[in-house]
K.L.:
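The structure's right below; bear with me while I get my questions together.
Throughout, a chain's letter reflects where its sequence line sits, starting with A, and its residues are numbered from 1. On a predicted model such as this, the values are computed, not experimentally measured, just so you know.
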Protein chains: 2
Amino acid sequence: MRILVIEDDEAAAGYLAKGLGESGYVVDRAATGPDGLAMAVTESYDLIIADRMLPGIDGLLVVEALRKKGDNTPVLFLSALGQVDERVRGLKAGGDDYLVKPYAFAELLARVEALIRRKSGRAEETVLKVADLEMDLLARRVTRAGTEIPLQPREFRLLEYLMRHAGQVVTRTMLLEHVWDYHFDPQTNVIDVHVSRLRQKIDKTFTSPLLHTVRGAGYCLRAPE
Amino acid sequence: MRILVIEDDEAAAGYLAKGLGESGYVVDRAATGPDGLAMAVTESYDLIIADRMLPGIDGLLVVEALRKKGDNTPVLFLSALGQVDERVRGLKAGGDDYLVKPYAFAELLARVEALIRRKSGRAEETVLKVADLEMDLLARRVTRAGTEIPLQPREFRLLEYLMRHAGQVVTRTMLLEHVWDYHFDPQTNVIDVHVSRLRQKIDKTFTSPLLHTVRGAGYCLRAPE
DNA sequence: CCTCGATCACCAGGATGCGCATGGGGGCGA
DNA sequence: TCGCCCCCATGCGCATCCTGGTGATCGAGG
């Protein structure tokens, strides 16, 4: 999988190249709009990541030129908060996406993978759902009955794992393996604490609890009958 | 379990249908790619077996079209093309497995079962059943005649062991070994107590008892005649 | 048929251990 | 440096499990 990064800021470009490289992508870099456009048309990329603000040119123009040539490579825009206008928003429908700086790298990676998968015709599961509890993996948002619930990163991972195994009992060992990446018993009550906190957020203010403890076994996220 | 076979060769398709039918699957057949695609989208199958070489169309295209519609039914490709890159192309296009002709039917059956198991939530051997009593090992839920029965951890282990040995007489020593992990005689009536409790829960409110005591030998969980 | 011994079922009290909540400290990024 | 998030430790409450005792049931032999 090849990715073209068009970004004038050396540090930002390096950061991207390093992170994406570690995730198994081959990354080419261009520092200016014209350079990027030239590389995009001569080489074949699976994805282009472009800054909005490039020396002397708007990143949007690069993409417009590309599209005129019949190139449909998906583009992910990076832009500062003030630069997000309607034109950029609209691109989302056309197979492209945008991300506001500053961003968490994990989120960028999620979107990159989503775009590449979408392009290659794969259906993407981006929203998990259990009863009235919903999790948007791309936006990293969780809502219950329509109201948003802010979660910490670890809480998010925990809930994601529980939702992916909804209806099943999830043991502590499973959680340690997949949420904490521990492959041993930490001999503490880390899990209890986070489950407790998560419960406060997703169950406390609602009538029917979704997160049940199965004594002697683990936990189970289940929709009420 | 329903399987769709997309295969133009009449003999090969018949061979598949016969073999799979004997293994308990319901098999539908399509002779061309378009036919197969139409059947796949209108009906719901647990697995699709597709030939790579179809009249006028590559089986790959059928799968790609299916995936674009958001259909994730697992697909097993059959092909005379044994090259590695062909295999990779098949898997990339959204196929889930690849089998090269000629093949042993036992191998095909093994792969079919693996794919179906994978799709159905990795639920392999998770439900034990004796008469109208059911135990879901993943969800840790027990139901009799549809109504849920809450069990304590030890009661759960006890019932699980009994259900795994349904119809056999289970001695006290066996229970101590496998349910309590005792390798000696505790000289108490722990077992009696728990069997009693379990009986209350699974037999008390029902007409025909399932858990019988075999005097001088042990216990036996058995469905009524 | 009756008696007696052995086995089994059930009940209730008590101790253990599990799970939950809260507050404080340490590490990491801003 | 500051703030945030994560982890750890303590104490509490309660469910769960075991223990001992008593009554019921079964089987065999007189």
K.L.:
How many Å lie between CD on Q200(B) and P on dA9(C), as a whole number?
P.N.:
11 Å
K.L.:
With sequence neighbours left out, what residues match R172(A) under side-chain hydrogen bond (donor to acceptor under 3.5 Å, both in side chains)?
P.N.:
D192(A), Y219(A)
K.L.:
Would you call the rings of W180(A) and H194(A) parallel, tilted or perpendicular if under 30° counts as parallel and over 60° as perpendicular?
P.N.:
perpendicular
K.L.:
For dA9(C), does OP1 or OP2 lie under 4.0 Å from any side-chain N or O of Y219(B)?
P.N.:
yes
K.L.:
Name the closest nucleotide to the V190(A) side chain, picking from dC17(D), dC7(D), dC18(D).
P.N.:
dC7(D)
K.L.:
Among residues at least two apart in sequence or on other chains, which ones pass salt bridge (charged side-chain N to carboxylate O under 4.0 Å, His left out) with D9(A)?
P.N.:
none
K.L.:
Measure the distance from CG on L198(A) to P on dC6(D) and round it to the nearest whole Å.
P.N.:
12 Å
K.L.:
Base contacts versus sugar-phosphate-only contacts with protein, heavy atoms under 4.0 Å: please encode nucleotides 9-15 of chain D as B, S and - from 5' to 3'.
P.N.:
BB-----
K.L.:
Which whole-number value in Å describes the distance from Y182(B) OH to dT19(D) C1'?
P.N.:
11 Å
K.L.:
Between dC8(C), dC20(C), dC18(D), which nucleotide has the shortest distance from any of its atoms to the side chain of S196(A)?
P.N.:
dC20(C)
K.L.:
Please work out if R197(A) contacts a base, only the sugar-phosphate, or nothing of the nucleic acid, heavy-atom cut-off 4.0 Å.
P.N.:
base
K.L.:
Could you state the CZ-C1' distance from R199(B) to dC11(C), rounded to the nearest angstrom?
P.N.:
16 Å
K.L.:
Test of understanding: with salt bridge (charged side-chain N to carboxylate O under 4.0 Å, His left out), list the residues that count as partners of R140(B), not counting sequence neighbours.
P.N.:
none
K.L.:
Whole angstrom is fine here: how far is it from NZ in K201(B) over to C1' in dC10(C)?
P.N.:
15 Å
K.L.:
Could you work out, with side chain to side chain contact (heavy atoms under 4.5 Å, CB included) as the rule, every residue matching R2(B), not counting sequence neighbours?
P.N.:
V26(B), D28(B), E43(B), Y45(B), D46(B)
K.L.:
Can you list the residues that meet the salt bridge (charged side-chain N to carboxylate O under 4.0 Å, His left out) rule with R144(A), with sequence neighbours excluded?
P.N.:
D132(A), D203(A)
K.L.:
Among all residues two or more places apart in sequence or in another chain, which pass the salt bridge (charged side-chain N to carboxylate O under 4.0 Å, His left out) test with D181(B)?
P.N.:
R157(B)
K.L.:
Looking at H194(A), does any N or O in its side chain come under 4.0 Å of the phosphate oxygens OP1/OP2 on dC5(D)?
P.N.:
no
K.L.:
For dC17(D), take OP1 and OP2 only and decide whether either is under 4.0 Å from a side-chain N or O of W180(B).
P.N.:
no
K.L.:
Could you report the tightest heavy-atom contact between L151(A) and L198(A), atom names first, then the distance?
P.N.:
CD2-CD1, 4.0 Å
K.L.:
For the helix from dC1(C)-dG30(D) to dA30(C)-dT1(D), what angle lies between the axis at the first five pairs and the axis at the last five pairs, to 10 degrees?
P.N.:
30°
K.L.:
Rounded to the nearest angstrom, tell me the gap between atom NE2 in H212(B) and atom P in dT25(D).
P.N.:
18 Å
K.L.:
Can you measure I191(A) atom CD1 to dC20(C) atom P for me and round it to whole angstrom units?
P.N.:
11 Å
K.L.:
Sequence neighbours excluded, which residues qualify as side chain to side chain contact (heavy atoms under 4.5 Å, CB included) partners of V193(A)?
P.N.:
N189(A), R197(A)
K.L.:
Could you tell me how far apart D192(B) (CG) and dC11(C) (P) are, to the nearest whole angstrom?
P.N.:
14 Å
